[in-house]
Undergrad: 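Structure in C-alpha cells, see below.
Bear in mind the structure is a predicted one, so any value in this text is a computation, not a measurement.
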Amino acid sequence: MEKQPEVHGPEKAPEKQLDEKTLERKLRKNQKAKEKEEKRLKAKQKEAAMLQAQPALDVLKKVEKKHRGKAVEDENPEDFIDQDTPNGQKKLLAPQMANQYCPSTVEKSWYAWWESSGYFRADSASTKPPFVIVMPPPNVTGALHIGHALTVAIEDAMIRWRRMSGYNALWVPGVDHAGIATQVVVEKKLMRERNLTRHDIGADNFVCEVLKWKERYGGTILNQLHRLGASLDWSREAFTMDEQRSNAVTEAFVRLHKEGLIYRDNRLVNWDCTLLTSISEIEVDHIDLKEETMLKIPGYATPVQFGVLISFAYPLEEGLGEIVVATTRIETMLGDTAIAVHPEDKRYMHLHGRYAVHPFNGRKLKIICDAEIVDPSFGTGAVKIAPAHDPNDFEVGRRNNLQFINILTDDGKINSNGGAQFEGMPRFTARICIIEALKAKGLYKGAKNTETSLGICSRTNDIVEPMIKSPQWFVNCNTMAKVALDAVRSKRIEIIPPQYEQDWYRWLENIRDWCVSRQHWWGHRVPAWYVTLEDDQEKTLGSDNDRWIVAKSESAASVEAQKILETGLDILFCWVARMVMMGTQLGGDVPFQKVYLHPIVCDTHGRKMCKSLGNVIDPLEVINGMTLEGLVKRLEEGNLDPDELNLERKLTDYPDGIAECGTDALRFALISYTSQSDRINLDIKRVVGYRQWCNKLWNAIRFAMGKLGVHYSPPATVDVSIMPPICKWILSALNKATGKTVTSLEAYKFSDATSAIYSWWQYQLCDVFIEAIKPYFFNEPQEFESARVASRDTLWVCLETGLRLLHPFMPYITEELWQHLPQPKYSCRQDSIMISEYPSLVEEWTNDNLENEMDIVLDTVNKIRSLKTRTERKERRPAFALCRSQDVTATIQCHQSLIILTENDETPADCAIAVVNKDLSVYLKLQGAINAEAEREKLRKKRDGIQKLHHAVSHMMDASGYREKAPQSVQEGDMRKHTALLRELEVISEAEKKLDAKTDNI
C-alpha cells in the first residue's frame, strides 16, 4: 500500500526536486539577473508613479503646514499631564481633564488592562445564560480592511451589550490559514526574492516557507483587532491549521465519506488558470455584461472582448450542407462533440442522429434532439455542445453518452485535443485565430452584441474556466441542503434582515455538489490513501476510484485496505449554508439560531473595495489619520501595476489626507451606516463628524466636573417627585432612549440603536438640559439651591447612565469619561464600565405627559429660531405666543424660562409668523416692515404640507372596509388626527388674513 496524501484532493505526481548543487548554481545565476531587472523595473515604475502623482505632491507641503498649524492650536494647557501607564495596569488618569478630546491619548492603555483583568474571558462554570459569537476568521497573512472593521464593530457591540446585560458572553477569535491566498503570496515572494518556484524547493520546504511568512506577518490582524477594541476571549484563539481544527477536519471528512456524502468523481470544477487550482463557488464573482465589453485579463497585454455572440457553421457529413450555431466563447468549439437541436424545429429535426464534421480536427459531431437545452426562439435553432467546458453541456453530455474532451492545459493554453494549428496558444489568443480560420473556410457567419454572465476569480481577476480535471473529491449536498432549507422555513434559524431568506432558498434549492479538492500545498490534506498492486502501471496510479481508502490515519487505512482486498472490492450563503449543512449532519442540530447579514462597505463612489482598484482603506489609517503623502506612498509600495495606481482618484477623495478619527468614531460611524440596505458608500467626512461629536461628549463631562465640584458625592437613588420639570423630563427621555436602544439591539437594528443614543446625548442632554440648568449654577441666590442640588444629581445620573448606554459602541471614550466621574460613596461600583450593568428601564422615570409638553416647548423654540434666521441683524427681538387652549397656555407658562417670550394679549404689527400646531402660533417682532411675500410663501408651504397629510388620512378613512375592519381605538385616533389637521388649516388661514390686513394698512 502506497500513501498518496493530497491537499484538498488528488495531488499531481510530485515533480523532481533539484539537487543541492544544481539548486545553488541556479540561485547564483538568477540572483544577478534578478538584481539587474529589479533595478530597471523599480526605476521605471518610480518614474511613472511620480509623473502620475505630481499633482498630489505639489499640494503636500501646504497640507502638512496646515496640519502642523492645527496641531499647535490643539495643544493642551500646561496643567494637563498625560501620565504613562505600565502595560496591563489600570490607566493612570490625569487629575485635570484635557481641554479637548484626543483619540490617541484617550484610547491608549485601556485594552491591555481589560485583557489582563480577564474581562474578555467567558467562565465555563458560569450559571449565567450563554451568548456566543464565533468571529468569521480573517486570513492569517492578510490585513483587515474597513469592511472587516464593520464586522468587528457590530460583533463587539453585541458582545459588550450582552456581557453588561448579565450574559456569560463569549466571542471566539481565530484566523484562517487561507490556503490559496497565502500560497499565492508566498509563491510570489519566492520568485521575487530567489527566482524559484514551489516545485523547485518541494512541498515540505514550501510549507516551511509559508510558516515563516505566517510568523512574520500573522500579527498584523491581531494588532488591528486590539486597536479596534475587540473584546475577544484570546485564551480560546483558534487557527484553522492547528491540531484541534485539523483533527476535526479529518474526523468530518471520514464520517461524511462513510455516510456516502463524500465521493470521488470526474465532474466539472471551477478552474483558475492563474492559480492553477480549482476554486470554490464563493471565490467566483459573476459580472453581467449587456453588450460588447473589453476586459483586462491576467497574462494578456491587451484587453479581451466579451459580450459578443459569434455565429458559425459546421459542415454536415456527405456534403449535405451546413448547420449554424452561435456561442459567446468561440474557443470552446475546439472541444465540441455534439450539436443539439429542438425536436420541434422543422429546420433541423430531420438531422437527428446524423453528424457534422469539425473543420479543424475532423472530429464527428453527433446531432441530437434535446428540448431541455435548445430554446426554439434562439436565433440559429441549434446549440453547440462542449461537455468538458460548460456546466449545462456537461449534463447534456451525461444524458446522451457524449465524449468529454478537455482542450485546455492547466495554465489556459490549447492542448493537443484542440487541433494542431492552435496547440500551445493561450485560450483568448486562440479565439482570434479561430475566427480568422473560420473566415478562411467560409464558415464564419457574423457577430452581434449579447447579454452574458462571466465568472471572475475574486483573487486573480482571471476568467474562471469550467473544466473536467482528474477525479476530484465532492460533497453530496442534496440531503443536507434540504435540512438547511427546513431550518430556516421552520424558524429554527432566523436570517436577519428577513429579505435575505429568499436568497437562502434560491441558493440551496439550486445547489450543486461541492468540490473540496484543491491543487495546492498549503492546507488540510485529504485523509485518503490509494491501494496499489504489484502489476500496477505508474501512469494509472490513483485512477481507480474504488481503491481509495479514507481513514483517520495511515494505519487505520492499512487495516481498511486489507478488508477490501478480502472482499474483492461553496460568501455568505456558500459558507453559512455549508456550516448549517455540516453542523446538522455531524452535530445533530443547527450550529446557531440567528444569522445577521450586514451591508458591504463600498467607497464613496459606490464601488466595492478591492486592491486592484486601489480603494481599500485600512481601518488604522482612519483611526490614526494619514497624510495624502502617506496614502500615495502606500499605493506606490503595494502590489499594483504602476498604471493601476489611480492616484488621481486618491487626490479627489482625500485631498487633505485622512484626519485622525480614533476607534470610537470609526466604530460608531460604521454601525450607524447599517440602515443603508445592502451597501454602504463610506464617506470619511461622516467619521470625522463623529470624532467631533466625541469632543462634544468630552466637553459635557468637563462641564459636569466643574459644576459637580471636587467634594460631590452621587446619591444612591434619586427622588424624581421633588425634582424641577426639566430634570424629570431628561430622565424620562433617557428612559425612552434606553428602551429604544435595547429593543433595537434585540432586533439587530444597530443603526436604530446608535440613532437613539446619539439623539438623546446630542439633542436632549447637551442641547437642552445642560443649557437649561446653567442658570442654576451661574446664580448664587438661595432660591436656586434646591434646583442646583437636583440638577447636579440628575446630571450625574444622566452622564453615568448615558455612558453605559453608549459603551458597546464607543468603548474607549466611555471608559475614560466614566472613570473621571465621581463614585457613589455608599454603593459598590464595578472597576470598569465594560463589566457594569447595562441600563434598563426605570418605571418611575417615565413621564409621557411631560415629554409631550416638552415636545411642544422645543418645537416652539425651533420655530422662533427659524424666524430669527430670516432677520438681517442678530440682536434679541421680542417673541410672542398665541395660545388657543388652556393646556397649551399652561405648558408655555410653565416653561417660559426656556422660550423667553414677551407677554402680550394682542399680536403686534410687523411680526413674522410660524404655526407650531393647531393650538399654538408664534410671532417674532421684526425691525421695520415685514416681507409680506416671504411670509405668505412660508405659510403656503405649511398649508401644502398639512393638506397632503389631511388628504392621506381622509383617503384612509374613506377606504372600503375601513369602518368594518379597523379597531375602534384606531378609528378614534384617526378622527382626532383628522380634526387636528383641519384646525391647523384654519390657523394658517387666520394667519394669512392677519398678514393681508397688516399689508393693506401699510
Undergrad: Say you draw a straight line from NZ of K594 to CD1 of I133; how long is it, rounded to the nearest 0.5 Å?
TA: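 Between K594 NZ and I133 CD1, I get 12.5 Å after rounding to 0.5 Å.
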
Undergrad: Looking at CD of Q224 and CD1 of I623, how far apart are the two atoms once the value is rounded to the nearest 0.5 Å?
TA: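 Here the interatomic distance stands at 8.5 Å.
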
Undergrad: With side-chain hydrogen bond (donor to acceptor under 3.5 Å, both in side chains) as the test, would you mind laying out the steps for W818 and T814 before giving the verdict?
TA: CA-CA 6 Å; W818 189 79; T814 52; over 6 Å; no

Undergrad: Do W698 side-chain atoms and A98 backbone N/O form a donor-acceptor pair below 3.5 Å?
TA: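 Yes; judged by distance alone, with no hydrogens or angles, the pair exists.
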
Undergrad: How about K90: does its NZ atom have over 12 heavy atoms from other parts shown lying under 6.0 Å from it?
TA: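 Yes.
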
Undergrad: Within the 4.5 Å heavy-atom criterion, are K749 and T743 side-chain neighbours or not?
TA: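 Not in contact.
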
Undergrad: Search all heavy atoms of R160 against all heavy atoms of D156 and return the closest pair with its distance.
TA: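 Here R160 and D156 meet closest at NE-OD2, 2.7 Å.
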
Undergrad: Is the centre of the F809 ring less than 6.0 Å from the centre of the W161 ring?
TA: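 Centroid distance F809-W161: not below 6.0 Å, so no.
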
Undergrad: I'd like to check L222 versus E237 (side-chain heavy atoms, cut-off strictly below 4.5 Å). Are they in contact?
TA: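 The answer is yes, as the side chains (C-beta and beyond) meet within the 4.5 Å cut-off.
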
Undergrad: Which pair of non-hydrogen atoms, one from P599 and one from T674, has the smallest distance, and what is that distance?
TA: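 Of all heavy-atom pairs spanning P599 and T674, the closest is CG-O, 3.9 Å.
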
Undergrad: Which value, rounded to the nearest 0.5 Å, describes the distance between R236 atom CZ and S124 atom OG?
TA: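 So the gap between those two atoms works out to 6.5 Å.
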
Undergrad: Got H807 and M834 here, is their nearest side-chain heavy-atom distance under 4.5 Å?
TA: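 A side-chain contact under 4.5 Å exists here.
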
Undergrad: Salt-bridge test for D503 and R506: reply yes if a basic N is under 4.0 Å from a carboxylate O, no otherwise.
TA: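 Salt bridge present between D503 and R506.
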
Undergrad: If we only count heavy atoms from C-beta on, is the F120 to L232 side-chain gap below 4.5 Å?
TA: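 Heavy-atom side-chain distance check fails, nothing below 4.5 Å.
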
Undergrad: I'd like to know whether L697 forms a side-chain contact (heavy atoms from CB on, under 4.5 Å) with L806, so could you lay out the CA-CA distance, the side-chain angles of the two residues, the decisive distance to 0.1 Å, and finally the verdict.
TA: CA-CA 11 Å; L697 303 180; L806 178 60; 3.6 Å; yes

Undergrad: Check whether any side-chain heavy atom of I617 sits under 4.5 Å from a side-chain heavy atom of I684, and report yes or no.
TA: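 SC-SC contact between I617 and I684 confirmed.
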
Undergrad: Side chains of L799 and L765, heavy atoms from C-beta outward: is any pair under 4.5 Å?
TA: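 Yes - at least one pair of side-chain heavy atoms lies under 4.5 Å apart.
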
Undergrad: Does NZ or CZ of R792 fall inside the cone over Y712's six-membered ring, less than 6.0 Å from its centre and within 45° of the axis?
TA: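 No, R792 does not sit over the ring of Y712.
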
Undergrad: Should R492 and D589 count as an ion pair when the cut-off is N to O under 4.0 Å?
TA: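 Yes.
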
Undergrad: Within 45° of the six-membered ring axis of F703 and under 6.0 Å from that ring's centre, is NZ or CZ of K774 located there?
TA: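 Relative to the ring axis of F703, which defines the angle, K774 lies inside both limits.
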
Undergrad: Would a distance-only check, ignoring hydrogens and angles, find a side-chain to backbone donor-acceptor pair under 3.5 Å from D233 to A122?
TA: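 Here the side-chain-to-backbone pair exists.
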
Undergrad: Parallel, tilted or perpendicular: which fits the ring planes of Y111 and H226, with parallel below 30° and perpendicular above 60°?
TA: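 Aromatic pair Y111/H226 classed tilted.
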
Undergrad: Apply side-chain contact (heavy atoms from CB on, under 4.5 Å) to Q89 and list each qualifying residue two or more places apart in sequence or on a separate chain.
TA: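 T85, P86.
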
Undergrad: Pick out which of L682, L666, T663, L670 makes a side-chain contact (heavy atoms from CB on, under 4.5 Å) with V622.
TA: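 Exactly one option meets the side-chain contact (heavy atoms from CB on, under 4.5 Å) with V622, and it is L666.
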
Undergrad: Main chain of L858, side chain of N862: is a donor-acceptor contact present, judged purely on distance under 3.5 Å?
TA: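 Looks like yes, one N/O pair under 3.5 Å.
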
Undergrad: Relative to W171, does R163 satisfy both conditions: NZ or CZ under 6.0 angstrom from the six-membered ring centre, and within 45 degrees of the ring's axis?
TA: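 That pair does not qualify as a cation-pi contact.
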
Undergrad: Report the C-alpha distance between W729 and E853 in whole Å, list the side-chain angles of each, state the deciding distance to 0.1 Å, and finish with yes or no for side-chain contact (heavy atoms from CB on, under 4.5 Å).
TA: CA-CA 9 Å; W729 167 76; E853 289 181 9; over 6 Å; no

Undergrad: Heavy-atom distance under 4.5 Å between the side chains of S713 and P822, does that happen here?
TA: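 Sidechains of P822 and S713: no contact.
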
Undergrad: Quick one: pull up OH in Y838 and OG1 in T738 and give me the separation to the nearest 0.5 Å.
TA: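 Spacing of OH (Y838) from OG1 (T738) equals 7.5 Å.
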
Undergrad: Does the plane of the ring in W114 sit parallel, tilted or perpendicular to the ring in Y812? Use 30° and 60° as the thresholds.
TA: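 Taking Y812 first and then W114, their aromatic rings lie parallel (interplane angle under 30°).
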
Undergrad: Which residues satisfy the ring pair (Phe, Tyr, Trp, His ring centres under 6.0 Å) test with F668, sequence neighbours excluded?
TA: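 Result, ring pair (Phe, Tyr, Trp, His ring centres under 6.0 Å) vs F668: Y690, W693.
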
Undergrad: The test is side-chain contact (heavy atoms from CB on, under 4.5 Å); show your working for Y119 and D831 and say whether it passes.
TA: CA-CA 11 Å; Y119 296 151; D831 205 26; 3.7 Å; yes

Undergrad: Return yes if some donor-acceptor pair links the side-chain N/O of N168 with the main-chain N/O of D123 below 3.5 Å, else return no.
TA: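 Pair found, side chain donor or acceptor close to backbone of D123.
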
Undergrad: What is the minimum heavy-atom distance between G147 and V601, and which atoms define it?
TA: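 Taking every non-hydrogen atom into account, CA-CG2, 3.8 Å.
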
Undergrad: When you measure from the side chain of Q819 to the backbone N and O of L93, does any donor-acceptor pair fall under 3.5 Å?
TA: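 It does not hold such a pair.
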
Undergrad: Counting only heavy atoms not in K696, do more than 12 sit closer than 6.0 Å to its NZ atom?
TA: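 Yes, NZ of K696 has more than 12 neighbouring heavy atoms, counting only those of other groups under 6.0 Å.
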
Undergrad: Measuring from atom CD1 of I856 to atom CD1 of I892, what distance do you get when rounded to the nearest 0.5 angstrom?
TA: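 Reported to 0.5 Å precision, the distance equals 7.0 Å.
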
Undergrad: Minimum heavy-atom separation for M705 and L821, please, with both atom names.
TA: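 It is SD-CA, 4.3 Å.
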
Undergrad: Considering only heavy atoms from C-beta outward, does the side chain of K740 approach that of S759 to under 4.5 Å?
TA: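 Heavy-atom side-chain distance check fails, nothing below 4.5 Å.
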
Undergrad: Thinking salt bridges, do E107 and K91 make one under a 4.0 Å N-O criterion?
TA: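 Answer for the salt bridge query: no.
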
Undergrad: Could you tell me which non-hydrogen atom of V842 sits nearest to which non-hydrogen atom of N735, and how far apart they are?
TA: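 Taking V842 first and N735 second, the nearest heavy atoms are O-ND2, 2.7 Å.
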
Undergrad: For the pair S732 (side chain) and T846 (backbone), establish whether a donor and an acceptor sit closer than 3.5 Å, ignoring hydrogens and angles.
TA: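 Looks like no, no N/O pair under 3.5 Å.
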
Undergrad: Check the pair Y776, K707 against side-chain contact (heavy atoms from CB on, under 4.5 Å), reporting the backbone distance first and the verdict last.
TA: CA-CA 10 Å; Y776 297 147; K707 302 312 171 192; over 6 Å; no

Undergrad: Taking all atoms of both residues into account, what is the closest heavy-atom pair of P130 and Y167, and its distance?
TA: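 Taking P130 first and Y167 second, the nearest heavy atoms are O-CD2, 3.9 Å.
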
Undergrad: Keeping E815 on the side-chain end and I833 on the backbone end, is there a donor-acceptor pair under 3.5 Å?
TA: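 The answer is yes, because a donor-acceptor pair under 3.5 Å joins these two groups.
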
Undergrad: Hey, could you give me the CD1/CG distance between I726 and L850, rounded to the nearest 0.5 Å?
TA: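 Atom-to-atom, I726:CD1 and L850:CG are 8.0 Å apart.
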
